[in-house]
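Side chains included, hydrogens not; waters and symmetry mates left out as well; all remaining heavy atoms used.
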Amino acid sequence: MALRNIVKEGDDILNKKCRPVTKFDKKLAVLLEDMAETMRKANGVGLAAPQVGILRRVVVVDIGEGLIELVNPKIIAFSGEQTGNEGCLSFPGQWGVVTRPDYVKLKAQDRNGEEFTIEGKELLARAFCHELDHLEGVVFKNIAEHMLTPEEIDEMNKE
Ligand code: CO
């Protein structure tokens, strides 16, 4: 396993659409493991492949309840609404107010190509939506209703 460099704001790769994974090989397993390690080291709750420079539909999420690996994920159901602060490892120190569904259900494949479904509520739903957006070349800043000012970030950190 190895740490990968996280692509930062300004790199065009963050605005590109990712291609589906078709080969469930050792290379994919290594990518997933490297992404998980890179996410943890950066104290993130999610990371998408374009953030490490790979335009493939691969995501890892861990909100503290265990690692979730998603290959070729798709939202198949969603409901409700939540509005809250959101950040991104590619936009260090920046926060935006983003409205997301409060519940989502995904269909995805695991590292071996087996299909499964998974549900998420609240923070997990937000993380799924944020990471799946990355696969479409959409970053949270594109859809934030408002980016927090330095004063608002101070307030948030006090809470
Ligand atoms: Co992000």
State, yes or no, whether a side-chain contact exists between Ile153 and Trp95 at a heavy-atom distance under 4.5 Å.
yes
Is there a side-chain contact between Val60 and Ile68 in this structure, where contact means two heavy atoms from C-beta onward sitting under 4.5 Å apart?
no
Residues Leu124 and Glu119: closest non-hydrogen pair is CD2-O, 3.8 Å
Count the heavy atoms of every other residue, nucleotide or ligand shown that sit under 6.0 Å from NZ of Lys8, and state whether that count exceeds 12.
yes
Start with the C-alpha gap between Arg4 and Glu37, add the side-chain angles, then the distance that decides, and say whether salt bridge (charged side-chain N to carboxylate O under 4.0 Å, His left out) holds.
CA-CA 9 Å; Arg4 305 232 182 169; Glu37 194 182 348; over 6 Å; no
Could you go through Val58 and Leu28, starting from their C-alpha distance and side-chain angles, then the distance that decides it, and tell me whether this counts as side-chain contact (heavy atoms from CB on, under 4.5 Å)?
CA-CA 9 Å; Val58 177; Leu28 175 65; 3.8 Å; yes
Is Arg100 paired with Asp133 through a side-chain N to carboxylate O contact shorter than 4.0 Å?
yes
Which residue pairs pass the ring-ring contact (aromatic ring centres under 6.0 Å, His included) test with at least one member in residues 68-91, sequence neighbours excluded?
Phe91-Phe140
With a 4.5 Å heavy-atom cut-off, do His130 and Cys88 have their side chains touching?
yes
Just by modelled atom types, is the Pro20 backbone N or O under 3.5 Å from a matching donor or acceptor in the Arg56 side chain?
yes
Least distance between heavy atoms, Ala127 atom then Ile63 atom:
CB-CG2, 4.2 Å
Verify the cluster assignment for Val59 and Val45: are they in a single hydrophobic cluster under the rule of side-chain heavy atoms below 4.5 Å apart?
yes
Under-4.0 Å salt bridge between Glu86 and Arg126
yes
Roughly how far apart are Asn142 CG and Asn15 CG, rounded to 0.5 Å?
6.5 Å
Taking side chain as C-beta onward, heavy atoms only, is Cys129 less than 4.5 Å from Val104?
yes
Nearest atoms (heavy-atom pairs only) where Arg57 meets Pro73:
O-CD, 3.8 Å
How close do Leu148 and Glu152 get, heavy atom to heavy atom, and via which atoms?
CA-OE1, 3.3 Å
Would you say Leu31 and Leu89 are hydrophobically clustered, going by side-chain heavy atoms of ILVMFWY under 4.5 Å?
yes
With clusters defined by side-chain heavy atoms of hydrophobic residues (ILVMFWY) lying less than 4.5 Å apart, directly or transitively, does Leu55 cluster with Val30?
no
To the nearest 0.5 Å, atom NZ of Lys16 lies from atom CG of Asp11 at 8.0 Å
Spell out, yes or no, whether Ile75 and Leu123 are grouped together once hydrophobic residues are joined by side-chain heavy atoms under 4.5 Å, including indirect joins.
yes
Any Asp62 side-chain heavy atom under 4.5 Å of Arg40 side chain
yes
Side chains of His134 and Val139: closer than 4.5 Å at any heavy-atom pair?
yes
Where do Leu47 and Met35 come nearest, in terms of heavy atoms and distance?
O-CE, 3.3 Å
Taking atom CD of Glu33 and atom CZ of Arg111, what is their separation to the nearest 0.5 Å?
4.5 Å
For Asn112 and Glu114, indicate whether the former's side chain and the latter's backbone hold a donor-acceptor pair under 3.5 Å.
no
Which heavy-atom pair separates Leu106 from Ile76 by the least distance, and what is that distance?
C-CG1, 4.2 Å
Going through the checks in order, is the side-chain contact (heavy atoms from CB on, under 4.5 Å) test met by Ile143 and Val138?
CA-CA 8 Å; Ile143 57 167; Val138 174; 4.2 Å; yes
What is the distance from atom CD1 of Ile118 to atom CD of Glu69, rounded to the nearest 0.5 Å?
11.0 Å
I'd like to know whether CG of Asp154 has more than 12 heavy-atom contacts from other residues, nucleotides or ligands below 6.0 angstrom.
yes
Group every Ile, Leu, Val, Met, Phe, Trp and Tyr by side-chain heavy-atom contacts under 4.5 Å, then state whether Leu135 and Val61 land in the same group.
yes
Any side-chain heavy atom of Gln109 within less than 4.5 Å of one from Val21?
no
Before giving the answer on side-chain contact (heavy atoms from CB on, under 4.5 Å), spell out for Leu67 and Met39 the whole-Å C-alpha distance, their side-chain angles and the decisive distance to 0.1 Å.
CA-CA 10 Å; Leu67 178 66; Met39 168 181 71; 3.9 Å; yes
Gln51 side-chain N/O to Ile6 backbone N/O, donor-acceptor pair under 3.5 Å
no
Does a donor on one side chain sit under 3.5 Å from an acceptor on the other, for Gln82 and Thr99?
no
Any donor-acceptor pair under 3.5 Å from Thr117 side chain to Lys107 backbone:
no
Heavy-atom side-chain proximity of Val98 to Thr83 below 4.5 angstrom
no
